[in-house]
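Please read the structure below before turning to the comments.
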Amino acid sequence: MTALALNAAEALRLRWRKIDKVWLLIAAIAALTALLAPAQAPQVYGIAAAAFLNTLPFIAFAVLMVAGLKATGAEAMIAQAFKGREARMIVLASLIGGLAPFCSCEVIPFIAGLLAVGAPLSAVMAFWLSSPLMDPPTFAITAGALGWEFAVAKGVAAVGLGLVGGFAMAGALRLGWFAEPLKASAPVKRCGCGPALGSQKPVWRFWSEAPRRAEFREQLWENGAFLVKWLAFAYLIESLMIVFVPAETVGAVVGGEGLWPTVTGALVGMPAYLNGYAAPPLVAALMEQGMGAGPAMAFLTAGAVSSIPAMAAVWSLVRPQVFAAYAGLGLGGAILAGLAFSLVI
């Protein structure tokens with residue numbers, strides 16, 4: 001190939017890398033729907049658009065909250081939960097885990113840093129289990145798609161799972177298990193985004209400093225674009241499920257309440273989970289098709305714990321036995337959360 005052809009190929013490759021593949025997938029699904037099912041396409045588009053517009057206020061709330069947390073530097077307060085008595089650390093780590101606005105790249109070095117400086121694995125596990133389950137955007141999106149009752153229950157499940165996992169790990173540590181949780185190759189450097197461990201104080205009047213105002217604007221744009229993209233995809237998939245997937249099919253697999261449907265919901269949720277923002281609309285569609293509330297809660301809970309960033313973070317940091325404990329606690333906690341939710345609704 002000539003140098004000119006190589007340069008053209010490189011330019012095309014770079015342009016392709018810049019294209020957001022999720023938006024490309026959304027356009028492809030919409031086009032294929034119109035091509036293969038022209039009679040049902042307007043119904044699919046209408047259901048997706050109505051659901052998205054209904055969730056728009058929750059998207060705005062979530063984006064503003066996360067941008068404010070990032071701009072003030074409130075994330076630095078999280079490290080304070082890992083100081084003091086072990087029981088206190090476990091409780092605080094479980095509570096704060098549901099509020100932590102971490103991106104997936106921040107979780108790995110933050111947890112690795114805590115373990116490297118001697119934070120007990122019990123408190124770190126409590127944070128690790130509760131953090132993927134709930135954060136401000138996830139709470140808002142869950143409330144918009146499934147209702148406030150479901151969102152609050154999932155928040156309670158996040159804290160409860162953190163507490164159960166943290167105290168279970170504390171007991172295991174007293175028995176001499178998991179003495180050296182970190183792999184020798186575990187990353188301990190930061191990714192460059194977010195606070196240093198425990199050294200900063202938040203600045204609540206962030207608008208008084210130009211760099212913090214810039215951070216607020218950047219986070220507002222990035223998180224807004226992220227949520228709009230994934231929810232557009234989720235609601236399009238939801239509408240396809242409502243129109244094309246027979247209700248009896250879903251009902252036969254995860255319909256009703258009780259132990260077996262809840263266990264099935266958790267087992268299906270672990271590998272099938274998309275992310276905390278796209279999952280609630282999909283679960284809403286499954287519930288319309290016959291999925292019970294308990295299995296739905298188990299699906300959401302198990303899926304969040306087993307999301308790709310969360311599991312990759314665990315595997316890259318800790319030894320296999322700790323990874324197995326994390327996965328087992330996540331699955332067992334999801335089943336318990338589903339059974340409990342089915343009893344109280």
Side-chain angles (χ1 to χ4, degrees), residues 77-100 102 107-108 110-135 138-139 152-183 186 197-198 259 262-263 266 269-270 294 297-298 300-307 310-311 313-315 317-344:
M77 298 174 62
I78 296 171
Q80 301 303 315
F82 297 89
K83 298 179 180 178
R85 297 176 58 185
E86 185 180 31
R88 172 186 174 277
M89 284 188 275
I90 292 171
V91 172
L92 287 179
S94 301
L95 291 170
I96 294 175
L99 300 174
F102 278 122
V107 171
I108 297 175
F110 186 83
I111 297 296
L114 287 170
L115 290 173
V117 299
L121 179 61
S122 55
V124 173
M125 183 64 74
F127 180 84
W128 222 332
L129 286 167
S130 62
S131 184
L133 282 171
M134 187 61 71
D135 56 33
T138 302
F139 184 88
V152 171
K154 188 165 181 257
V156 172
V159 175
L161 183 55
L163 290 171
V164 170
F167 283 108
M169 190 59 64
L173 290 170
R174 290 190 182 93
L175 294 174
W177 300 355
F178 313 123
E180 295 184 8
L182 279 175
K183 288 181 177 178
L197 292 179
L259 179 60
T262 303
V263 171
M270 289 194 83
M297 178 63 72
L300 278 178
T301 305
V305 172
S306 69
S307 65
M311 295 296 270
V314 179
W315 183 257
L317 287 180
V318 298
R319 299 182 186 277
Q321 58 267 36
V322 180
F323 178 87
Y326 174 87
L329 287 168
L331 180 61
I335 294 170
L336 290 175
L339 292 173
F341 187 57
S342 65
L343 291 175
V344 300

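F341 and G294 make their closest contact through CD2-N, 4.4 Å (heavy atoms, listed as atom of the first residue, atom of the second, distance). Here the shortest heavy-atom pairing between A126 and G162 reads CB-O, 3.2 Å. What you find for M134 and A158 is that their closest heavy atoms are CB-CB, 4.1 Å. Across all their heavy atoms, V152 and F139 have their closest contact at N-CE1, 3.8 Å. When all heavy atoms are compared, the tightest approach of L129 to G165 is CD1-CA, 3.7 Å. The shortest heavy-atom contact between P120 and M89 is CG-CE, 3.5 Å.
Summarising the geometry, atom CH2 belonging to W128 is positioned 8.0 Å from atom CG belonging to L121; distances are rounded to the nearest 0.5 Å. Taken to the nearest 0.5 Å, the CG atom of L163 stands 6.5 Å off from the CG atom of L95.
With sequence neighbours excluded, no residue forms a salt bridge (Lys or Arg N to Asp or Glu O under 4.0 Å) with R85. Shown here are the side-chain contact (heavy atoms from CB on, under 4.5 Å) partners of A340, two or more places apart in sequence or in another chain: there are none. A168 is linked by a side-chain contact (heavy atoms from CB on, under 4.5 Å) to L329, counting only residues two or more places apart in sequence or in another chain. In this structure, the side-chain contact (heavy atoms from CB on, under 4.5 Å) partners of V263, at least two apart in sequence or on a different chain, are L259, W260, L267, I335.
Remark: the backbone N or O of L339 is paired with a side-chain donor or acceptor of S342 at under 3.5 angstrom. The main-chain N or O of L133 is found under 3.5 Å from a side-chain atom of K154 such that the two form a donor-acceptor pair.
Within the 4.5 Å cutoff, the side chain of S130 has no heavy atoms near those of the V159 side chain. M169 places none of its side-chain heavy atoms less than 4.5 Å from the side chain of I90. A heavy-atom distance below 4.5 Å is not found between the side chains of F127 and L92.
Applying the salt bridge (charged side-chain N to carboxylate O under 4.0 Å, His left out) test to residues at least two apart or on different chains, the pairs with a partner in residues 162-178 are E86-R174.
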